[in-house]
Protein chains: 2
Amino acid sequence: MYSNDELYEYVLDNIQKVVFPEELIRLKLSLSAFELLALMMSEKYQAVTMGSLAQGLSVPMSTATGIVNRLVKKGLLARGRSEEDRRVVTVSLTETGWQMMGDLKRLLYAKIDRVRDILSAEEFQTALELLHKLILGFQQEGRQPQEKVPQRRIIEIE
Amino acid sequence: MYSNDELYEYVLDNIQKVVFPEELIRLKLSLSAFELLALMMSEKYQAVTMGSLAQGLSVPMSTATGIVNRLVKKGLLARGRSEEDRRVVTVSLTETGWQMMGDLKRLLYAKIDRVRDILSAEEFQTALELLHKLILGFQQEGRQPQEKVPQRRIIEIE
DNA sequence: CCAATATACTTCGACAGGCGAAATATTGGG
DNA sequence: CCCAATATTTCGCCTGTCGAAGTATATTGG
């Protein structure tokens with residue numbers, strides 16, 4: 001049985017070993033976390049509107065515009081107009097965008113396979129079940145105070 | 001047994017539920033991730049030199065200076081000079097700094113207690129063991145290519 | 001013992017990214 | 001047709017990061 005203090009120390013000492021590798025993946029592709037998420041959403045939903053993209057990333061539209069601009073400049077995303085409503089802009093992966101997502105997924109899956117190597121099949125299964133239980137638990141908790149909270153809290157400084 | 005594709009989908013769909021709350025903690029205290037880590041290091045090692053702080057955060061010294069400047073302005077850290085070597089600057093928590101770290105830890109520990117509530121004692125124990133096994137496994141892996149890599153890779157863009 | 005070099009840190013200037021407010025374009029209702 | 005509503009971009013400000021040059025102190029070789 002471990003105390004919270006011990007857990008805190010443990011995580012503090014080891015967090016870099018877990019988090020830093022992801023950082024490296026991002027840097028190798030020279031993509032920010034937001035850009036990565038935008039690509040992932042674009043892959044999942046084919047044609048995403050700027051609005052849902054902004055909502056998915058929990059950023060204001062002006063920020064989403066910047067993110068997409070950079071990805072367009074990098075040749076990974078393409079803008080298009082909706083036929084039904086010509087105000088809405090949709091973004092979708094370009095050919096190179098699809099390739100990059102393929103590369104990225106290969107990297108991620110290699111990572112997952114590393115986990116499969118380290119843990120036994122039963123341990124892997126157990127880890128997933130615990131993770132799932134945690135996600136469900138936290139999801140439950142988040143329901144209550146979600147009523148009228150806008151997409152992001154504003155905190156004033158000084 | 002889940003495929004990597006299924007796992008990818010699952011994480012993509014649920015990542016916000018896990019990551020976002022931490023974001024909120026940071027925003028409530030109006031501290032950046034780096035600032036938070038700097039405070040944590042200062043608490044753990046009492047008097048930290050700018051050099052080791054920069055190394056610990058994996059940022060160049062000029063960035064570390066900025067981080068510490070902000071924390072000093074916020075009244076959480078204080079600068080001092082080493083007696084043995086008057087070039088080195090040490091930072092340490094102020095009284096309010098200690099208080100803030102206390103508050104922060106209370107928040108984190110409440111989070112951990114939430115986890116303890118969601119999982120049974122045995123499940124909690126199992127989760128820790130699996131986490132530990134993973135960290136050890138990845139640590140092993142990281143040994144080989146670490147030889148001459150400087151603290152940060154430089155990637156050129158375009 | 002002291003000039004040259006090394007070390008620890010800060011300052012400066014450039015640049016990227018995030019965001020609110022204003023601007024632009026399109027829709028839909030009266 | 002006109003006007004409010006909606007979707008998005010543009011603009012300007014601000015924060016944060018970082019390399020290079022600058023400052024202060026330590027160390028070392030002659």
Side-chain angles (χ1 to χ4, degrees), chain A residues 23 26-27 29-39 41-42 45 47-74 77-92 150-158, chain B residues 20 23 26-27 29-39 41-42 47-74 77-92 150-158:
Chain A
E23 200 82 5
R26 290 219 320 268
L27 290 180
L29 304 172
S30 57
L31 293 175
S32 75
F34 277 152
E35 291 170 2
L36 209 48
L37 279 175
L39 288 181
M41 284 192 65
S42 304
Y45 303 107
V48 199
T49 70
M50 294 300 296
S52 51
L53 196 67
Q55 226 179 332
L57 303 184
S58 302
V59 296
M61 292 275 291
S62 56
T63 302
T65 297
I67 293 166
V68 170
N69 279 347
R70 272 172 267 143
L71 290 171
V72 168
K73 197 175 299 175
K74 288 175 188 168
L77 278 188
R79 277 194 169 85
R81 286 273 172 192
S82 161
E83 291 302 319
E84 308 92 54
D85 186 338
R86 298 199 38 74
R87 287 170 304 176
V88 333
V89 171
T90 60
V91 300
S92 40
Q151 58 184 85
R152 202 156 221 196
R153 297 278 317 270
I154 282 70
I155 313 292
E156 65 236 275
I157 296 181
E158 304 193 279
Chain B
F20 211 37
E23 201 81 7
R26 290 220 317 268
L27 290 179
L29 304 170
S30 57
L31 293 175
S32 75
F34 276 152
E35 290 171 2
L36 208 48
L37 279 176
L39 289 181
M41 284 192 66
S42 303
V48 198
T49 70
M50 293 301 295
S52 50
L53 197 67
Q55 229 180 329
L57 304 183
S58 301
V59 297
M61 292 275 290
S62 56
T63 302
T65 298
I67 293 165
V68 170
N69 280 346
R70 272 171 269 144
L71 289 171
V72 168
K73 198 175 299 176
K74 288 175 188 169
L77 279 188
R79 276 193 170 87
R81 288 271 172 190
S82 160
E83 289 303 318
E84 308 92 54
D85 186 338
R86 298 198 38 76
R87 288 170 305 177
V88 331
V89 172
T90 60
V91 299
S92 40
Q151 62 182 82
R152 201 157 221 194
R153 297 278 317 270
I154 281 69
I155 312 293
E156 65 237 277
I157 296 180
E158 305 195 274

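Just so it is clear: chains get the letters A, B, ... in the order the sequence lines come, proteins before strands, and each one is counted from 1.
Position along DNA chain D of the nearest nucleotide to Glu35(B) versus Thr65(A) favours Thr65(A) as the more 5'-ward residue.
Counting any heavy atom pair closer than 4.0 Å across all strands shown, Gly66(A) reaches no nucleic acid atom. Using a 4.0 Å heavy-atom distance criterion, Ser32(B) is classed as making no nucleic acid contact.
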Atom pairs, N/O to N/O, protein against nucleotides 22-27 of chain C, distance under 3.5 Å?
{"residue": "dT27(C)", "atom": "OP1", "partner": "Arg86(A)", "partner atom": "N", "Å": "3.2"}

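Interatomic distance, CG of Leu53(A) versus OG1 of Thr63(A), reported as 11.0 Å (0.5 Å rounding).
Which of dA21(C), dA20(D), dC9(C) sits closest to the side chain of Thr49(B) comes down to dC9(C). Which of dT8(D), dC18(D), dG20(C) sits closest to the side chain of Met61(A) comes down to dT8(D). Comparing dT9(D), dC18(D), dT10(C) against the side chain of Arg79(A) picks out dT9(D) as the nearest. The Met50(A) side chain lies nearest to dT9(D) when the options are dG16(D), dC9(C), dT9(D). Across dT10(D), dG17(C), dA8(C), the shortest atom-to-atom separation from the side chain of Arg70(A) is found for dG17(C).
Computed from coordinates, the Leu53(B) CG to dA8(C) P distance equals 15 Å when rounded to whole Å. Taking atom CG of Asn69(A) as the reference point, atom P of dG18(C) lies 12 Å away to the nearest angstrom. Per the geometry, CG belonging to Leu71(B) stands 10 Å off P belonging to dG16(D), to the nearest Å. Regarding Leu37(B), its CG atom lies at a distance of 15 Å from the C1' atom of dG16(D), rounded to whole Å. Spacing between atom NZ of Lys73(B) and atom C1' of dC14(D) amounts to 13 Å, rounded to whole angstrom units.
In this structure, the side chain of Lys74(B) engages the main chain of Ser30(B) through a donor-acceptor pair within 3.5 Å. Remark: side-chain polar atoms of Arg81(B) are paired, donor with acceptor, to backbone N or O of Arg87(B) under 3.5 angstrom.
For Arg86(B), the side-chain hydrogen bond (donor to acceptor under 3.5 Å, both in side chains) criterion is met by no residue, not counting sequence neighbours. Every residue two or more places apart in sequence or in another chain was checked for a side-chain contact (heavy atoms from CB on, under 4.5 Å) with Ser92(A), and none qualifies. With sequence neighbours excluded, the residues forming a side-chain contact (heavy atoms from CB on, under 4.5 Å) with Ser52(A) are Val48(A), Thr49(A), listed by chain and number.
Here the shortest heavy-atom pairing between Ser32(B) and Arg70(B) reads OG-NH1, 4.2 Å.
In terms of phosphate contacts, Thr63(B) brings a side-chain nitrogen or oxygen within less than 4.0 Å of OP1 or OP2 of dC18(D).
In the helix from dC1(C)-dG30(D) to dG30(C)-dC1(D), the end axes, each obtained as the rotation axis mapping the C1' atoms of four pairs onto the next four within a five-pair block, lie 10° apart to the nearest 10 degrees.
Residue pairs meeting the salt bridge (charged side-chain N to carboxylate O under 4.0 Å, His left out) criterion with at least one partner in residues 51-65 of chain B, sequence neighbours excluded, are absent.
Between Met50(B) and Ile67(B) there is no side-chain heavy-atom pair separated by less than 4.5 Å.
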